[in-house]
Amino acid sequence: MNYELGDVFYRLDDKSSTERENDVLVKDPVVCPKCKKNISDGKFEINSTDFHLAMITASICRIGQLKGHKFATPAHLRGGYSLNPADFEKMKHICRSKPKLV
């Protein structure tokens, strides 16, 4: 199912990580839209190709805005943030969901 996750954080350039599910954090708890159960802790999956394309697009849009270009980040990508490993570790304390990339 496709639904908005809110703020999503993705770790960049982390060569030490071997567990793929630890590369993505979602700020808010995730509830299944069908059964209404909490699926926050690694119980939901994100298509890795779609996710990476979305994160690349969001990053390109932000870089373009910083350089003064007139295009905006699409609404569905405004909550996607790529972080370096140090900043990603800081976000772990405030994020409540950990999806799996498949």
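Heavy atoms only: backbone and side chains are in, while hydrogens, waters and symmetry mates are out. Note that the numbering runs from 1 along the sequence shown for the chain.
- With hydrophobic clusters built from ILVMFWY side chains whose heavy atoms lie under 4.5 angstrom apart, Phe44 shares a cluster with Val8.
- Side chains of Val31 and Lys37 form no contact here, defined as non-hydrogen atoms less than 4.5 Å apart.
- Placement of Ile46 and Leu77 in two distinct hydrophobic clusters is found when ILVMFWY residues are connected by side-chain heavy-atom separations under 4.5 Å, directly or transitively.
- The OG atom of Ser97 sits 7.5 Å away from atom CG of Asp28, with the distance rounded to the nearest 0.5 Å.
- A donor-acceptor pair under 3.5 Å is absent between the side-chain atoms of Thr73 and the main chain of Ala58, judged by distance alone.
- Atom-to-atom distance recorded for Lys43:NZ and Asn38:CG is 7.0 Å, nearest 0.5 angstrom.
- In this structure, Arg11 and Glu89 approach most closely via the heavy-atom pair NH1-OE2, 3.2 Å.
- Here the NE2 atom belonging to His52 is positioned 10.0 Å from the CG atom belonging to Asn47, to the nearest 0.5 angstrom.
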Report task. Evaluate side-chain contact (heavy atoms from CB on, under 4.5 Å) for Val26 paired with Asp7, printing each intermediate quantity in order. Result -> CA-CA 6 Å; Val26 178; Asp7 289 343; over 6 Å; no
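- The side-chain heavy atoms of Ser40 and Arg96, taken from C-beta on, include no pair separated by under 4.5 Å.
- Rounding to the nearest 0.5 Å places OG of Ser82 at 7.5 Å from CZ of Arg62.
- The shortest side-chain heavy-atom distance between Thr57 and Ile60 does not fall under the 4.5 Å cut-off.
- Asp50 meets the salt bridge (Lys or Arg N to Asp or Glu O under 4.0 Å) test with no other residue; sequence neighbours excluded.
- Considering CE of Met55 and CZ of Phe9, their distance stands at 9.0 Å, rounded to 0.5 Å.
- Checked against the 6.0 Å centroid threshold, Tyr10 and Phe51 count as a close aromatic pair.
- Taken from NE2 in His69 to CD1 in Ile63, the straight-line distance is 10.0 Å, to the nearest 0.5 Å.
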